[in-house]
Participant: 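The structure that follows is given in the form of structure tokens.
On a predicted model such as this, the values are computed, not experimentally measured, just so you know.
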Amino acid sequence: MAWTPDLSVGNSVLDQHHQKLFLLLDEIIKVEENAAGFDAMANIISELNSYISYHFTEEEGMMAKANFPFLDLHRHSHQTIAQRVLEIAGLLTPDNYRRIAAELHTFMTGWLVHHIEIEDFEYRPYICTP
């Protein structure tokens, strides 16, 4: 699964953020498929949590600056997603890292494309950059 131009939200910075999230998804699937190890999975989860927080803050800041009318709904969606990722991450142990990798990958894959195509596309007219 990869970011493609049809997932562009019309803002190059946020498109780069989304591309980074897809790269992190690739790293998660590598752990699952190649049994890269618990430490690798723990590092990816840490990076994913940090990046999600950074991305959501930046995206919400841009939406606020552009007076996006559905910012509160979008912010709630972000909080729900961040909480779910933390919940999955909290289940990680050396014995189940491959299962957690699969669960996190499945969740993030389903969420990310839906979130971009449905929720993020709503703000395109407000924050589109040339």
Participant: Could you check if a side-chain atom of W3 sits within less than 4.5 angstrom of a side-chain atom of S8, using non-hydrogen atoms only?
Facilitator: yes
Participant: Got a second to check how far R99's CZ is from L92's CG, nearest 0.5 Å?
Facilitator: 9.5 Å
Participant: Within a strict 4.5 Å, meaning less than it, do heavy atoms of the Y123 and E59 side chains meet?
Facilitator: yes
Participant: With no hydrogens and no angle check, is any side-chain donor or acceptor of N11 less than 3.5 Å from a backbone partner on I127?
Facilitator: yes
Participant: Spell out, yes or no, whether V9 and V13 are grouped together once hydrophobic residues are joined by side-chain heavy atoms under 4.5 Å, including indirect joins.
Facilitator: yes
Participant: Before giving the answer on side-chain contact (heavy atoms from CB on, under 4.5 Å), spell out for H18 and L7 the whole-Å C-alpha distance, their side-chain angles and the decisive distance to 0.1 Å.
Facilitator: CA-CA 9 Å; H18 292 152; L7 292 173; over 6 Å; no
Participant: Should the pair F38 and Y97 be assigned to parallel (<30°), tilted (30 to 60°) or perpendicular (>60°) ring geometry?
Facilitator: perpendicular
Participant: Under 4.5 Å between any side-chain heavy atoms of Y126 and N67, yes or no?
Facilitator: no
Participant: Is there side-chain contact between H55 and L21, with heavy atoms separated by less than 4.5 Å?
Facilitator: yes
Participant: Would a distance-only check, ignoring hydrogens and angles, find a side-chain to backbone donor-acceptor pair under 3.5 Å from S46 to A42?
Facilitator: no
Participant: Are H115 and H74 an aromatic pair by the rule of ring centers under 6.0 Å?
Facilitator: yes
Participant: Which heavy atom of G37 sits nearest to which heavy atom of V31, and what is that distance?
Facilitator: O-CG1, 4.2 Å
Participant: Restricting to side-chain hydrogen bond (donor to acceptor under 3.5 Å, both in side chains), what partner residues turn up for N96, sequence neighbours left out?
Facilitator: T93
Participant: Under the salt bridge (Lys or Arg N to Asp or Glu O under 4.0 Å) definition, can you give me all pairs with a residue in residues 4-20, not counting sequence neighbours?
Facilitator: K20-E47
Participant: Taking C-beta and beyond as the side chain, do F22 and L112 meet within less than 4.5 Å on heavy atoms?
Facilitator: yes
Participant: Is the number of heavy atoms from other residues, nucleotides or ligands under 6.0 Å of F70 CZ greater than 12?
Facilitator: no
Participant: Please say yes or no: joined through hydrophobic side-chain contacts below 4.5 Å, possibly via intermediate residues, are M62 and I81 part of one cluster?
Facilitator: yes
Participant: Would L73 end up clustered with L14 when hydrophobic side chains under 4.5 Å apart are linked, directly or stepwise?
Facilitator: yes
Participant: Give every residue pair that meets the salt bridge (Lys or Arg N to Asp or Glu O under 4.0 Å) criterion with at least one member in residues 61-88, sequence neighbours excluded.
Facilitator: E60-R75, D72-R75, R84-E87, R84-E103
Participant: With distance as the sole test, does T57 use its side chain to make a donor-acceptor pair with the main-chain N or O of S53 at under 3.5 Å?
Facilitator: yes
Participant: Heavy atoms only: give me the nearest E119-S77 pair and the separation to one decimal.
Facilitator: OE1-OG, 2.7 Å
Participant: Is there a path of hydrophobic side-chain contacts, each under 4.5 Å between heavy atoms of I/L/V/M/F/W/Y residues, joining L48 to L91?
Facilitator: yes
Participant: Any heavy-atom pair between the side chains of M108 and I52 that's under 4.5 Å?
Facilitator: yes
Participant: Just verifying a value: how many Å separate L24 CG and I44 CD1, rounded to the nearest 0.5 Å?
Facilitator: 8.0 Å
Participant: Can V85 and F107 be said to form a side-chain contact (heavy atoms from CB on, under 4.5 Å), step by step?
Facilitator: CA-CA 8 Å; V85 171; F107 171 73; 3.9 Å; yes
Participant: Between CD1 of I29 and NE2 of H105, what distance do you get to the nearest 0.5 Å?
Facilitator: 4.0 Å
Participant: Is there a path of hydrophobic side-chain contacts, each under 4.5 Å between heavy atoms, that joins L23 and I45?
Facilitator: no
